Every structure is written in structure tokens, then in C-alpha cells.
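Notes to accompany the following structure.
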Number of protein chains: 4
Amino acid sequence: MTTGEGPRRGRGRPRTPGAEERILDAALAEYGEHGWSGFTMDAVARRAGVGKSTVYLRWSDKDALLTDAVASHGLELTAVDTGSLAGDLTQLALNLLRHFHGAAGWAALRITFDTASVDDRLGDFAEAVNEVHGRQVEQICLRAIERGEMAEDIPITAVTETIYGAAMVHALSERLEARADSDVEVEARARHIVAMILPGISTMPGTT
Amino acid sequence: MTTGEGPRRGRGRPRTPGAEERILDAALAEYGEHGWSGFTMDAVARRAGVGKSTVYLRWSDKDALLTDAVASHGLELTAVDTGSLAGDLTQLALNLLRHFHGAAGWAALRITFDTASVDDRLGDFAEAVNEVHGRQVEQICLRAIERGEMAEDIPITAVTETIYGAAMVHALSERLEARADSDVEVEARARHIVAMILPGISTMPGTT
Amino acid sequence: MTTGEGPRRGRGRPRTPGAEERILDAALAEYGEHGWSGFTMDAVARRAGVGKSTVYLRWSDKDALLTDAVASHGLELTAVDTGSLAGDLTQLALNLLRHFHGAAGWAALRITFDTASVDDRLGDFAEAVNEVHGRQVEQICLRAIERGEMAEDIPITAVTETIYGAAMVHALSERLEARADSDVEVEARARHIVAMILPGISTMPGTT
Amino acid sequence: MTTGEGPRRGRGRPRTPGAEERILDAALAEYGEHGWSGFTMDAVARRAGVGKSTVYLRWSDKDALLTDAVASHGLELTAVDTGSLAGDLTQLALNLLRHFHGAAGWAALRITFDTASVDDRLGDFAEAVNEVHGRQVEQICLRAIERGEMAEDIPITAVTETIYGAAMVHALSERLEARADSDVEVEARARHIVAMILPGISTMPGTT
DNA sequence: GCATAACCGAGACGGTACGTCTAGTCTTCGA
DNA sequence: TCGAAGACTAGACGTACCGTCTCGGTTATGC
């Protein structure tokens, strides 16, 4: 995402192959363990067994590294097409719940909030996430409208925000209460969320 | 929540009355302007017209101050009882949208995420927020169930998470797109959110 | 030296009698134990069992207190008149050696050097010490000249400086080597010093 | 005496060559201008055009820096061999008077007194000074004894202490009276001092 | 006998330096 | 040419101290 995929044909020593990934992993681990205020470049470099200059050679600064670290593990939401609006949304909710529960997803979340707060810093990443995620729901909804399952006058962003928000706050609750849902609970929660909003957006009242 | 409500009967010069509030305000302002990195104790002290030691006399460190600053202005959600579930939820959603849009609410949000991530730091504040907010929705729902407006088998936490999440993510979107909704838009969004989940939780299908 | 011996006849509560002395003692003790850089007003006040304001009520600042503390115990050199130049000088050297060896004398010495270094601060104390001490030797020498024991063309300040310096450096050596001379050694050293300079200032060559 | 003469062969950026000296000079200048209180690490760093951490990378704390600064310029006494005891001593006295009159010599003196007072701090420097200086006089005296100019039963330390003390106290007097001797006066004083003690240590009575 | 006034202890106040730590840059050696 | 090591400037961190101030209380005089 940052490195620039130049064929690296030059003279001199080629870049150590594993370094990039080790650094990203180290960054993610440090961020997960100590949070933003305890996240130091020196610690990342040391943990990755790498000199600080190697890190700065590839990322311009702290934010860039962190952003990239999260991005590298944080956008693994795969689109689905189960054939029904209910199925698509339930699968999406499930994915989101699992995503935000994991370290990378959670880190992505925090960074999104952090970067969204500072105006003089580029919220590139946050916007990217926003767009990627937003497009997911958009496709689901468009398919549903085509099939006639969903009313056309529903603002899609509202659907996105509701589902994402629900998953997000649920993950937050879990962390605050130092609780970890079982697989069954997660699935139940996903179904609950969808059940709650489906009647509100569907064309046929009374469907579940 | 701040210093312990000791009646301060002792000897010695009593603490300057206004200082506490001025420092908290300054902290919130600095945080809002510069974000977490860029938030300086020296700057807070200077802005509050106060010595650094005065700040450290009352708060043990940066996090404690920031947490308190946000808490002092971040829990101003007033419960409402409009008589109907739809009215209550719409009013709540409206409050939340406005809350998260403002500096204090947004800051509270960020801090909630921050403190929820670090285990060796006390997420006291985050838990408090969680509980206060959770109780709001609980009361609304209990009233609705009493009135027969709401099904009894809906998990209330799911309702909470959905509404809060929707408001939260909407505020996030606004910031990411550097957009500021008008009052009309905010109200419309609140109604949309409620309209989306109301059919899913209400006893009478087809109601809006 | 600082207090100003006003009869303190006014109304109001009179100053606690013992306080003055206790503070001075505490100051001297702290200075002796921790040196100039570890000498704090808070510590002095605490050690004297006294509030800081009580200290500042009597002395304007740190230097004033320290100066006074040393002065109160540091100028106890008593003049002597043994009837002969050799006797007078030996007695003086002995006094000085003992003086500089003790805590108060040593502290006075340090302060003299400290205050002599800073031009914007009043070396009042240092000058006072200098003058008091200088006068001692002056009197001894004048008596000796009257008696015909001492040549008239000797600059008296040179005599003063030599004897004082010798005693001073000897005390310094003792401290540096963590050594403490016995009484016999001190007396021997005093005689040595005088024996060394006596032929150089006496009218009769070859006298000891 | 400073950093340990490791050949610094390793990897990494080598220490900036000039920095050490610039810092020491700045330290000495600051000390000379503002004295011990008023001597600030920040000011030293700023004056040397250096970051504070660079200073702390080389010296553990304020005292260490100051001590070293003085040591670097404070031990420039060169031995002399004029061929006669009187000549040697006069030259030594002259050197000392000039040494203690200068900023570095005076600073060295103060620090010697300071470090000699605090037992938990290493008086390394003070001892070094003591030894270096002591050896000077020792050599002079031994040569004189060989030549038969000086009696063998004179304790050499007494000679050292007397000459050093005389020069020291003279410098002190100059400062206290804000006076600066001319070259002629300094030389006269040196001759006076030696004339005073020479008869007392020489084998031939009546020599000057 | 009661107000007045100066003192006392405690300790909070604004300010400033301390010594530590981090960010991001720069400079060397070795691969 | 790149990588690791690590010194560099800049500046925030949290602590400690200075000298000032404001309390509640105490102890004397003087009306």
C-alpha cells in the first residue's frame, strides 16, 4: 500500500524480504498491547529485530506505519451473496462482529476514530475503510432492491450505519465487560440485529 | 468521580474554586483542537492560566485529566418520556446524534475506545458511560413493554447497541467527510433510524 | 543580623521564642548533610517543626537564611593575647584549624566562596567574615610591631592570607582524605605553620 | 577522566566531535556568569547549540558536567624548574595566583569545596586536583632537598597547604573587594608569600 | 471581656528546572 | 545500495522546589 511496487532492479543490497511483514506484525502487536499512547517506533523496530531507519525507509511516520499495519490485516471483509437480503445482512453482521472482535479489526476501529478527529492529518485510511465498507452494503441493498425485497426510499447509508454501529458497539461492550461471546452467541446476535432492522426496510411487512 | 468529595475541612489554603473547571475546559478544548497527540499538559496549564503543579495536584497524569475532562461534559444525556416508544427513541437518537457531533461527546467516544483497549488501565470511565447510557434505553424499553408497545423477547442490549451504533457511525461519517448536518437533516436521520428498527421490536407489525 | 532587634512591642501574638534558633540549627544541619544543592527550605521547615511561612517571615530567601545560619555559629573566633607574636599566631592557627574542621566553620567557608562568586548577590556576609577575621591578625601584628617583634614592612594582609589559607587548605585535605586529625596532630600542625612563616616576618633572623 | 577512552569503533553514528568541547565551554561560561544556582542544563545545551539529551548522553547529571567542565580547564598548572627553591616557589605562587584569579581556576576551587562536603558524592575530581597539585610542591621540595637548600624535617604538605592557601585566600579577597590586581601587584604578592615562608623552610637562616 | 492584630501550621498556588523518554533525522560501518 | 546501530535536535513528560498566598487557629495587647 505504501512501498510502491518498483521491480527493485537496482544495484546494491536488496531489501530484506521478511522485514516488511515482520514490522507490520510488530506494529500491530505493540498497538494492541499498549494502545496509542504506548506505541513507540523504537519498540516496534526492536520487536521486529530491525533498525529504526529501516522502518522510516518504508513509512514516513508513525501514523503511516500504524495505518498500514492495520490496513494490512484489517480489510478482510469478503462480500457475500446468499441470494436473500436477510441472508446477506446476517452474513455481513456476522462478519462485522467477528471483525471488530479480533485485534486487527479493533485496531482499525480505533484508528478510524483517531484519524477522524484530527483535521490537519490525512484521514486517508479512515476514508478508505469507510468507502470499502460502505460499498459492501450498497451492493447488498442494490441487489435486494432489484429482487424487490427492499423498499427504494430507504437511505442506504442509514442501513450501513445501523449495522456497522450495532456490531461496533457490541464489540465495545464485550471489551468493556471483559467478556468474549461464544460462536453461538455471536450468531444469535447477528440474527437479532438483522431481525430488528429487516422489517423496517423490507417491502413486505411482517417478514423475518 | 473526580477527586473524592472530601469536605476539604483541613488546614492550609483551600484549592482555588474555579481552577478545577477551568482546567477541565482547557483540556477539552486542547483535545478537541489538537487530538491526542498534540495534547500537552503544559498547554492545558497555560490555557487555564494555572501552574503545571496545580494540574498534577488534582490529576495523577494526562489520561486521568483527559478522562475526567470528558466525563465532566460527556454525560449530559437527559432522559425523556414522550409517552410513546417511537417518540422516546426518536428523541434519544436525536440527543445521541447531537451528542456525538459535539466536541465533548466525540471526545468521550474516542476515550471510550482508547480506555477499552488497554487492560492495565482502568476503564472506569468507559464502564460508567456504558452503564449510564445503557440504563437510558433500558428505561425506555421497560416503559414501552408496560404499555404493550414492545415485544418482551427483544434483547434490550441489542436495541441499545443498534441506536447508539447508528448515531456513532453517523457522526463518524460526518467527520470523515468533513460535513456538518443541518438541524433538519439531523432530525430526519433520527426519524429514519427509529423507523428502521421500530417495526422489528414493536408488537404491532406495520406500525411506524 | 537580619531580624532587626525591634522591641516587638506591638499588639498581636509575639513570635515563638525558640523558633528562630531551631530554624537556624535545622538549616545548618541540612546544609551540612546535603550541601547547597540538596538544601531545601521545605526540609528546613519540616526539620524545625515549623511552617514555611514562619521561615519566610524572618528571612527573605534561602541565601539569607543560610547566611544567617552560618553566621550565627560561624564567627566564634576569640581574639587572644599571649604576649608574644609566636604565641598569638600559634593560638590563632589552632583556632582556625579547629574552626574550619567543625561543621559551622566549614559551612561558613563554603558560603564565603559561594557568595563571593555571584556578583549580583550581596556578599555582605562574606565581607563581614573577611573583615572580622582580617582585623584579628591586624591586631596581633600591630601588637607585635609595637613590641618590636615584627618588621614593619610586612604587608599584614599577606600574613592573614597565609595563615588563614594554610588552615583552610589543611581542613580541605582532611575532608578530601576522610581523615580527622587528633588534637596532638592539630597542635603540631599549628606550630609548623607558624614556624614556617615566623622567620619570614620577624625582626630577628633565626628565631623560632 | 571524562567518558572513558573507548575507541568508539562500533557501528552507528559517531559522536559529534566538537560537541564535547562546546558543551564544556558553555558550561563553564554559564557557571561563570550565573553561579551554581542559575546554572541550567537547558541553558548550557542551548548555548552549546545542542539538544539536552546529547548532554545527558555524556554526563549523568549537572554535577558531573560541571565537575568535568572545570576539570577540563582547571588543571593547567605546569611544573617549573628554575634551578632554585626560591625561584620555583615564586613561579608556583605566581601560577596559583593567576590560576585562582581566572574563571576556571576559581570555579575549580568552588567545586572542590562543594564536592569535599558531600560524602555520598564522589569527590573524585577534588581528590584528583588535590593529588596533582600536591605532587607539584613535592617535586619542588625534593629537588631543593637534593640541592641542600631545604631542611629535611619540614613536612611537605604544610608547605603545599601554606602556598596554596595563601594564593587561594588572596583570590578570595580580590573577589570580595571586587578588585583586580595588576600584573605587578600579583608578582609582588607572589614574592611576598615566598619571602615569608622561605626562611622558615630553608637550611640557611637569613636567606631571601 | 472582648475586639484587634500579629503570629503560627498547613498546604495550594504560578513558575521553572530537573532528568527521562520519544519522534524523526542523520551519519557511520558492514553486508 | 541497503540495513543495523546509534547519536543527533526538539520538546513533552511527571517530579521537586522556590517564594507567595490564603486558610483556620492561637496568643498576646489594648480598649
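Residue numbers start from 1 in every chain, and the chains themselves are labelled A, B, ... in the order their sequence lines are given, proteins ahead of strands. It should be emphasised that the depicted structure is a prediction, and the values quoted were computed from it without experimental measurement.
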Nearest 0.5 angstrom please: [X] [atom1] to [Y] [atom2], how far?
X      : Y      : atom1 : atom2 : answer
R47(A) : L28(A) : CZ    : CG    : 10.0 Å
D25(C) : E30(C) : CG    : CD    : 12.0 Å
W59(B) : D68(B) : CH2   : CG    : 6.5 Å

Close N or O pairs between protein and nucleotides 3-5 of chain E (under 3.5 Å):
residue : atom : partner : partner atom : Å
dT4(E)  : O3'  : R11(C)  : NH2          : 3.1

Could you tell me whether a side-chain N or O of T67(A) sits under 3.5 Å from a main-chain N or O of D63(A), the two making a donor and an acceptor?
yes
Closer than 4.0 Å, any side-chain N/O of R58(D) to the OP1 or OP2 of dC8(F)?
yes
Any T16(B) side-chain N or O less than 4.0 Å from OP1/OP2 of dC13(E):
yes
Give the rounded distance in Å between these two atoms: CD of E20(A) and C1' of dC2(F).
14 Å
Contact list (N/O, under 3.5 angstrom) for nucleotides 10-12 of chain F vs protein:
residue : atom : partner : partner atom : Å
dA10(F) : N6   : S53(D)  : OG           : 2.9

What nucleotide, of dC8(E), dC8(F), dA4(F), holds the atom closest to the side chain of T54(A)?
dA4(F)
If you measure from the Lys or Arg side-chain nitrogens to the Asp or Glu carboxylate oxygens, is any gap between E20(D) and R15(D) under 4.0 Å?
no
State which residues pass side-chain contact (heavy atoms from CB on, under 4.5 Å) with R46(A); sequence neighbours excluded, sorted by chain then number.
D42(A)
